[in-house]
Amino acid sequence: MRAVLCKAYGSIDDLVVEEVGSAPLEAGQVRLKVAACGVNFPDVLITQGKYQFKPEPPFSPGGEVAGTVVEVASDVTEFAVGDPVIATTTWGGFAEEIVTTPDRLLRRPQTMDEVTAAGFAITYGTSYHALVQRAAIQPGETLLVLGASGGVGVAAIQIAKALGAKVIAAASTAEKLAVAQAQGADEVVNYAEEGFRDRLKEITVGRGVDVVYDPVGGDLLQPSLRSMAWNGRYLVVGFASGEIPQVPANLTLLKGCAVVGVFWGQFRRNEPDVDAANFKALFDLHAAGKIKPLVSETYPLEKARDALAALSARSVTGKLVLKV
Ligand SMILES: NC(=O)c1ccc[n+]([C@@H]2O[C@H](COP(=O)([O-])OP(=O)(O)OC[C@H]3O[C@@H](n4cnc5c(N)ncnc54)[C@H](OP(=O)(O)O)[C@@H]3O)[C@@H](O)[C@H]2O)c1
């Protein structure tokens with residue numbers, strides 16, 4: 001089978017596509033034929049050796065795939081050959097097949113095509129968990145989404161609108177804000193320009209925002225935290241800017257707000273039943289047309305490097321998906 005390989009930690013430019021042997025199937029495992037694989041920021045980080053998981057090279061990046069079960073170990077009863085599935089794999093997905101375990105699989109609904117499904121689990125799983133379990137967002141509350149045209153940002157906009165919140169989308173260019181508005185954002189703010197806080201004050205009529213969804217970090221934390229309403233929740237989702245900001249503790253006191261960490265991967269290991277209920281709700285919202293994943297571009301497996309380069313260059317909106 002063909003696979004994208006990281007042979008040593010370093011640059012995404014050093015990734016190669018090679019023919020490799022199939023991994024043997026052990027007890028408790030299933031083999032999937034991969035149809036498509038979502039491209040995510042952690043795929044860049046894991047290649048550079050900067051992610052929280054550090055697999056031994058050579059390995060393939062690729063944390064989420066859509067595919068079909070083609071082989072099951074004799075002790076696996078939950079899935080059968082031919083089942084259409086989504087798998088969250090952390091790595092290994094940029095390949096024609098992958099061996100994984102049933103706890104990493106979701107049944108792919110018939111209403112969802114393979115490309116959409118490949119880019120769905122991480123972004124929508126994260127944003128739903130963040131907004132529902134971590135922020136307990138309520139209808140009518142105001143949500144500020146940073147990095148709003150990116151993968152998790154788009155999912156956050158759509159889910160929050162489906163849950164009845166008012167959404168302010170924030171991003172760095174007019175083009176990205178147009179994308180966020182097309183996803184349902186009520187208001188948009190460009191944080192690369194002057195007056196970010198003033199605009200938020202104006203939009204919320206001085207009240208501030210109830211929830212901040214922050215996958216970017218860096219310099220955006222302070223002005224966003226200062227723009228919170230009383231009883232607000234600041235969701236720490238990621239650090240796409242490359243900079244982990246410090247939280248001034250006095251601001252949380254003055255605002256009467258909470259700073260809340262979001263770690264979807266650990267949440268689903270700790271609370272698999274809640275995660276399963278989240279995906280049931282998400283698949284229902286998708287079937288009802290209330291959330292519509294935005295796959296802005298697809299690439300063939302051979303062009304995985306180009307997809308990761310586009311993500312690193314901050315030029316992507318929505319999701320990129322590799323067609324395998
Ligand atoms: N906590 C969790 O469980 C969890 C789950 C999934 C993802 N994440 C994290 O969330 C973050 C965003 O993921 P994503 O898939 O939405 O990524 P993405 O599609 O690349 O979007 C990230 C956004 O961050 C902004 N950004 C600011 N500085 C950037 C830089 N130097 N390079 C790239 N982007 C930059 C960009 O928007 P502007 O240009 O508009 O600023 C971009 O749209 C990542 O750090 C990821 O690891 C966390």
Side-chain angles (χ1 to χ4, degrees), residues 1-7 17-40 42-43 46 51-122 124-126 129 263-284 286-287 301 304 321-324:
M1 65 142 179
R2 281 175 314 142
V4 176
L5 290 182
C6 171
K7 292 187 161 180
V17 181
E18 284 186 5
E19 197 69 32
V20 296
S22 292
L25 195 75
E26 294 176 3
Q29 293 184 326
V30 298
R31 188 187 309 280
L32 310 182
K33 182 175 186 294
V34 176
C37 184
V39 181
N40 293 282
D43 302 327
I46 205 166
Y51 195 48
Q52 63 227 35
F53 298 102
K54 295 186 172 54
E56 187 70 31
F59 68 91
S60 301
E64 56 178 345
V65 305
T68 309
V69 177
V70 291
E71 192 181 355
V72 294
S74 57
D75 58 341
V76 171
T77 53
E78 308 94 308
F79 290 91
V81 170
D83 285 347
V85 292
I86 295 172
T88 49
T89 56
T90 314
W91 69 86
F94 289 6
E96 286 179 322
E97 60 175 51
I98 185 168
V99 169
T100 186
T101 47
D103 58 310
R104 289 176 169 268
L105 301 186
L106 294 163
R107 280 175 202 285
R108 176 165 63 84
Q110 285 178 339
T111 46
M112 197 178 276
D113 64 79
E114 287 166 334
V115 167
T116 304
F120 188 79
I122 293 180
Y124 284 82
T126 299
H129 168 55
F263 187 178
W264 175 66
Q266 195 57 41
F267 153 73
R268 53 188 332 223
R269 282 184 285 279
N270 290 349
E271 303 177 55
D273 294 347
V274 184
D275 185 59
N278 284 359
F279 273 102
K280 177 168 185 331
L282 281 167
F283 289 145
D284 288 348
H286 178 260
L301 189 65
V321 169
L322 301 183
K323 278 183 167 175
V324 180

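In this chain, numbering begins with 1 at the start of the sequence shown. Scope of the values below: all heavy atoms of this structure, side chains included, with no hydrogens, waters or symmetry mates. The structure displayed is predicted, hence computed values, not measured ones.
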* Donor-acceptor contact below 3.5 Å, side chain S22 vs main chain M1 -> no

* Asked: Taking the side chain from R31 and the backbone from A23, do they hold a donor-acceptor pair closer than 3.5 Å?
  -> yes

* **C37/V321 under side chain to side chain contact (heavy atoms under 4.5 Å, CB included): CA gap, chis, key distance, verdict** => CA-CA 6 Å; C37 184; V321 169; 6.0 Å; no

* For residues V34 and E96, determine if any side-chain heavy atom of one lies less than 4.5 Å from a side-chain heavy atom of the other. => no

* Asked: Say you draw a straight line from CD of E26 to OG1 of T101; how long is it, rounded to the nearest 0.5 Å?
  -> 11.5 Å

* Could you give the distance from CG (N278) to CG (D273), rounded to the nearest 0.5 Å? -> 11.0 Å

* **Test item: R104 side-chain N/O and T88 main-chain N/O as donor-acceptor pair under 3.5 Å** => yes

* **Set of residues satisfying salt bridge (Lys or Arg N to Asp or Glu O under 4.0 Å) with respect to R268, sequence neighbours excluded** => D275

* side chain to side chain contact (heavy atoms under 4.5 Å, CB included) assessment of F267 paired with F263 -> CA-CA 6 Å; F267 153 73; F263 187 178; over 6 Å; no

* Measuring from F59:CZ to K54:NZ, what's the distance to the nearest 0.5 Å? -> 10.5 Å

* Carefully, step by step, assess D43 and F94 under the rule side chain to side chain contact (heavy atoms under 4.5 Å, CB included). => CA-CA 10 Å; D43 302 327; F94 289 6; 3.7 Å; yes

* Asked: Quick check: does any side chain N or O of S60 sit under 3.5 Å from a backbone N or O of V4, one acting as donor and the other as acceptor?
  -> yes

* **Evaluation steps, side chain to side chain contact (heavy atoms under 4.5 Å, CB included), between E71 and E97** => CA-CA 11 Å; E71 192 181 355; E97 60 175 51; over 6 Å; no

* **I122 backbone acceptor or donor facing E64 side chain under 3.5 Å** => yes

* Applying ring-ring contact (aromatic ring centres under 6.0 Å, His included), name anything that partners Y124, two or more places apart in sequence or on another chain. => F120

* How far does CG of L32 sit from CG of L105, to the nearest 0.5 angstrom? -> 5.5 Å

* **With sequence neighbours excluded, residues passing salt bridge (Lys or Arg N to Asp or Glu O under 4.0 Å) with D284** => K280

* Asked: CG of D113 to CD of Q110: how many Å apart, nearest 0.5 Å?
  -> 13.0 Å

